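Numbers here are sequence positions counted from 1. Model, not experiment: these values are computed from the prediction. Because only heavy atoms are used, hydrogens play no part in the values below, and waters and symmetry mates are left out as well, while side chains stay in.
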Amino acid sequence: SVGALTLRQLDAADWDMNVGRPNLALTKHTFVGFKAKGCDACERMAAIYQEVAEQWINTEEPLEMAQIDVSPKTPRVTIKILHKIMGLPRIGFFPCDACATGPIWMKRGRPGE
């Protein structure tokens, strides 16, 4: 195995608040893992999310995988509020802009609205 993939870490500047999606989703389908510092469940999910991302590293699929820390008292918390995220961790799938559809949220391992 080659070195571990480093997941892209998003910041508030990487998010288009007008359309409610990461800038990466303009051209690629994008999975985003929402997490917070001090969240044990977020740390457990991060390990699994990292493993899944490593499976995609050598594919031709137009897919990005990233994480964003939406801890309180950070500028990124506004993204959590925008999407009405009540609990963490959370994974959102943001289809590319050409798909013209909103995010799909994962709940307890299943897609949900």
Is there a side chain to side chain contact (heavy atoms under 4.5 Å, CB included) between F93 and L63 once you walk through the steps? CA-CA 10 Å; F93 174 71; L63 178 73; 4.2 Å; yes

Check against side chain to side chain donor-acceptor pair (under 3.5 Å), E54 and Q50: CA-CA 6 Å; E54 288 176 5; Q50 174 77 30; 2.9 Å; yes

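The side-chain heavy atoms of E64 and T27, taken from C-beta on, include no pair separated by under 4.5 Å. K28 has its side chain out of reach of C96: every pair of non-hydrogen atoms, C-beta onward, lies at least 4.5 Å apart. By the 4.5 Å heavy-atom criterion applied to side chains, D14 and P22 are not counted as neighbours. Side-chain contact between I91 and V32: absent, with no pair of heavy atoms (C-beta onward) separated by less than 4.5 Å. Side-chain contact check for Q67 versus K35: some heavy-atom pair is nearer than 4.5 Å.
Residues F94 and H29 place their aromatic rings such that the two centres sit no closer than 6.0 Å.
One N or O on the side chain of Y49 and one on the backbone of A66 form a donor-acceptor pair closer than 3.5 Å. For the pair T74 (side chain) and P72 (backbone), a donor-acceptor distance under 3.5 Å is absent.
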Using distance only, find each side-chain donor-acceptor pair of residues 75-85 under 3.5 Å and give its atom names and separation, not counting sequence neighbours.
from: R76; atom 1: NE; to: D69; atom 2: O; distance (Å): 2.5
from: R76; atom 1: NH1; to: D11; atom 2: OD1; distance (Å): 3.3
from: T78; atom 1: OG1; to: P75; atom 2: O; distance (Å): 3.0
from: H83; atom 1: NE2; to: G20; atom 2: O; distance (Å): 3.3

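Here SG of C42 is found 9.0 Å from CZ of R44. Values are rounded to the nearest 0.5 Å. Interatomic distance, C39 SG to L88 CG, rounded to the nearest 0.5 Å: 6.0 Å. Note that the OG1 atom of T30 and the CG atom of L24 stand 5.0 Å from one another [nearest 0.5 Å].
Under the salt bridge (charged side-chain N to carboxylate O under 4.0 Å, His left out) criterion, D16 pairs with no residue at all, not counting sequence neighbours. The ring pair (Phe, Tyr, Trp, His ring centres under 6.0 Å) test applied to F34 returns W15, W105, not counting sequence neighbours.
More than 12 heavy atoms of other residues, nucleotides or ligands sit less than 6.0 Å from atom CE of M17.
Taking hydrophobic clusters as Ile, Leu, Val, Met, Phe, Trp and Tyr residues chained together by side-chain heavy-atom distances below 4.5 Å, I104 shares a cluster with M45.
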